[in-house]
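The structure appears below as structure tokens.
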Amino acid sequence: MHGRIVNDEEQGIIGIDRVAALHKSTPNSILIDAGDTLHGLPIATLNRGADVAELMRAAGYSAMAMGNHEFNYGWERLPQLREIAGFPFLASNVTKNGEPILDDTAVIEVDGVRIGLFGITTESAGDTVMPAFVEGIEFEDPVATAQERVKRLKKESVHVIIAITHSGIEGVKGTLSTQLADRVPEIDIIIDGHSHTEMPEGLTESGVLIAQTGGHGGSVGRVTVTVTDGEITAKTAVIIDFDTAQNTPPDTTVADKLSAISGEMESLLSESVGQSGDEMSSARAPGVRTQEMPLGSLVADAYRQAANTEIAIANGGDIRADLPQGTVTKGDIISILPYGNTLMVKTVTPALLKEILENGVSGIVLDSSGSIDIEESPQGRFLQVSGFSFSYDPSAPIGQRVLSITLDGGRELALDDTAAKITLAATNYVMTGGDYYTMLADLPVERELGSADEALSEYIENNSPVTAPQAGRIIGK
């Protein structure tokens, strides 16, 4: 849900109060979340996940997996949020010193049926989170973990084994849920997330039913399992879409709690920071994860101005919401840049800048027509840039795609130059090796500044009304 817990007809968000009502009106049901819920919009991030955890408790959740974005507050925050939530945070393959940092397995009995659950977080999670937030944490092999947990749960005489996975089935790195099903067919059901795939009737792989509901709270999945004489005789998956869910009145307890939390935040989030002459999209693909976008350029410009550097970069994965036309509020800014990252300044050479850009475009994949494949290509590492332009050939081998780099003012850089010095601004997430920018991790930090969202707020305030930056910074040959 990425923090999308408030009913919103325009955005098609069901809201956690109606999710609670759907659950409570369904006999013999358990409510499960597949991760990336405790972080996202301001209502989630301002209290570092606590308000969402409290609402999930009120809604009657039984368990959830840990998504990669759950680690955006630092792994030490998760045990605290688990106590607030009051239900298992299943992270069976996430360990520190060989021991799971949260809940490993859980058994829930419903009308005499024993349901065994375990949780899997994509092993690539550590590459998409600020390294300091997962220091000392291991994301172990999902297959080996699942095989061991299935054996353990079978010894506890469960009738149904459910893996709650934040793995995905397409367009993401790491072991996919389909691959997990092939390798561990003893799992009965996989409740999946991460790839934001809407699966109206689920998918059966090696006898395992895989269900996923898309993303951002737009639908709820319902898996129905029939157990007769201790054996599963049927299992089906359907999607409850936004329009259908609207027919269910919200749960009053959760709605009242949600209203109180929203009211406390409203005055802060509605504060104006400036004006925008254009609406700017945060779409993933085609969008900030595959190509130059006005909002991406604006964010990078804000970083460069705040840090007073020659150039700046912004990873597309950091940009999470649209910039509206007209009044821009503090809430809009936090929605666009919700992570609370700070800005860092380091010095790079042209040769190192080429290496950085190579990483940024390394995920781009072409389809059979030679166009960017918008299903396979989007990755958070794709960069938006300021202070320079570059061209690249997406058909060239990875690591050999960048063709030219030209600083604003027209100076073209020699791509093999290891002597010239250029000051670079980026978030501490990128500068410490997140999104595979390991080439930056060991460089000395020259300056560390305030948060990325503060930089964007100040830029919009100082340059109102902002307009879409001129295109031409990223040129695909």
Side-chain angles (χ1 to χ4, degrees), residues 2-3 39-46 48 69 72 130 265 268-284 287-289 292-346 360 380-388 408 423-432 434-435 447-471 473-474:
H2 289 276
H39 192 277
L41 295 186
I43 196 168
T45 58
L46 284 179
R48 300 180 66 231
H69 288 294
N72 287 337
M130 191 172 353
M265 296 183 175
L268 171 64
L269 298 179
S270 61
E271 180 183 335
S272 173
V273 299
Q275 299 288 318
S276 176
D278 298 304
E279 181 178 4
M280 300 184 211
S281 172
S282 63
R284 292 160 61 103
V288 293
R289 298 183 181 218
E292 176 187 351
M293 292 289 284
L295 180 55
S297 296
L298 186 78
V299 169
D301 286 347
Y303 292 176
R304 183 162 66 104
Q305 183 177 80
N308 192 26
T309 54
E310 294 171 88
I311 63 173
I313 55 176
N315 59 312
D318 269 2
I319 301 169
R320 310 299 290 195
D322 298 349
L323 181 74
Q325 185 179 36
T327 299
V328 180
T329 66
K330 183 65 174 176
D332 294 325
I333 298 296
I334 296 175
S335 295
I336 294 167
L337 297 173
Y339 297 122
N341 292 332
T342 58
L343 293 181
M344 283 182 173
V345 175
K346 296 187 176 185
R381 71 173 81 182
F382 190 88
L383 292 176
Q384 306 292 318
V385 305
S386 176
F388 69 99
D408 287 0
T423 53
L424 168 71
T427 63
N428 56 344
Y429 169 65
V430 169
M431 290 293 204
T432 57
D435 267 342
R447 284 179 287 134
E448 188 160 7
L449 302 99
S451 68
D453 58 280
E454 289 171 348
L456 183 57
S457 290
E458 291 173 5
Y459 186 86
I460 292 174
E461 180 180 0
N462 294 335
N463 296 279
S464 282
V466 294
T467 56
Q470 186 174 350
R473 302 183 185 191
I474 303 174

(request) Please tell me if the side chains of Ser282 and Arg320 come closer than 4.5 Å, counting only heavy atoms from C-beta onward. (result) no
(request) Assess the side chains of Thr329 and Glu271: does a donor N or O sit below 3.5 Å from an acceptor N or O? (result) no
(message) Which heavy atom of Ser272 sits nearest to which heavy atom of Thr327, and what is that distance?
(response) OG-CG2, 3.6 Å
(message) If you compare all heavy atoms of Thr432 against all heavy atoms of Asn428, which two are closest, and at what distance to 0.1 Å?
(response) OG1-O, 2.6 Å
(message) Using only atom types and a distance under 3.5 Å, with no angle test, would you say the side chain of Glu279 pairs donor to acceptor with the backbone of Pro324?
(response) no
(request) Can you measure from OG (Ser276) to CG (Asp322) and round to the nearest 0.5 angstrom? (result) 11.0 Å
(request) Please tell me if the side chains of Leu337 and Thr427 come closer than 4.5 Å, counting only heavy atoms from C-beta onward. (result) no
(message) Working to the nearest 0.5 angstrom, can you tell me the gap between Tyr303 OH and Leu298 CG?
(response) 10.5 Å
(request) Under the side chain to side chain contact (heavy atoms under 4.5 Å, CB included) rule, collect the residues that match up with Val288, sequence neighbours excluded. (result) Met293, Ile319, Gln384
(request) Look up atom CG in Leu295 and atom CD1 in Ile336, then write down how far apart they are to the nearest 0.5 Å. (result) 5.5 Å
(request) Go through the structure and list residues passing side chain to side chain contact (heavy atoms under 4.5 Å, CB included) with Thr309, not counting sequence neighbours. (result) Arg304, Ala307, Val345, Thr423, Ala425, Arg447
(message) Working to the nearest 0.5 angstrom, can you tell me the gap between Met431 CE and Leu424 CG?
(response) 4.0 Å
(message) Would the distance check show the side chain of Tyr459 and the main-chain N or O of Ala300 forming a donor-acceptor pair, the cut-off being under 3.5 Å?
(response) no
(message) Taking salt bridge (Lys or Arg N to Asp or Glu O under 4.0 Å) as the definition, give me every residue that meets it alongside Lys346, ordered by chain and number, with sequence neighbours left out.
(response) none
(request) Over all heavy atoms of both residues, which pair between Ala455 and Leu343 is shortest? Give the atoms and the distance, please. (result) CB-CD1, 3.8 Å
(request) Apply salt bridge (Lys or Arg N to Asp or Glu O under 4.0 Å) to Asp332 and list each qualifying residue two or more places apart in sequence or on a separate chain. (result) none
(request) Apply salt bridge (Lys or Arg N to Asp or Glu O under 4.0 Å) to Arg289 and list each qualifying residue two or more places apart in sequence or on a separate chain. (result) none
(request) Going by the side chain to side chain contact (heavy atoms under 4.5 Å, CB included) test, name the single residue among Leu269, Leu268, Ile333 that passes it with Pro42. (result) Leu269
(message) Within this structure, what is the CD1-CZ distance for the pair Ile311 and Phe388, rounded to the nearest 0.5 Å?
(response) 5.0 Å
(message) Give me the atom names and distance for the closest heavy-atom approach of Ser457 to Lys330.
(response) OG-NZ, 4.0 Å
(message) If you compare all heavy atoms of Pro294 against all heavy atoms of Ala468, which two are closest, and at what distance to 0.1 Å?
(response) CB-CB, 3.8 Å
(request) Could you check Leu323 against Ile460 for side chain to side chain contact (heavy atoms under 4.5 Å, CB included), going step by step and ending with a plain yes or no? (result) CA-CA 11 Å; Leu323 181 74; Ile460 292 174; 4.0 Å; yes
(request) Could you please spell out the steps behind the side-chain hydrogen bond (donor to acceptor under 3.5 Å, both in side chains) verdict for Asp278 and Thr467? (result) CA-CA 5 Å; Asp278 298 304; Thr467 56; 4.6 Å; no
(message) Please find the pair of heavy atoms, one from Ser464 and one from Gly274, that lie closest to each other, and give the distance.
(response) OG-CA, 3.4 Å
(message) Side chains of Arg473 and Ser386, heavy atoms from C-beta outward: is any pair under 4.5 Å?
(response) yes
(message) In the structure I gave you, are the side-chain heavy atoms of Asp301 and Asn463 within less than 4.5 Å of one another anywhere?
(response) no
(request) Taking ring-ring contact (aromatic ring centres under 6.0 Å, His included) as the test, write out the residues that go with Tyr339, two or more places apart. (result) His39, His69
(request) Quick one: pull up CG in Asp453 and OG1 in Thr45 and give me the separation to the nearest 0.5 Å. (result) 8.5 Å
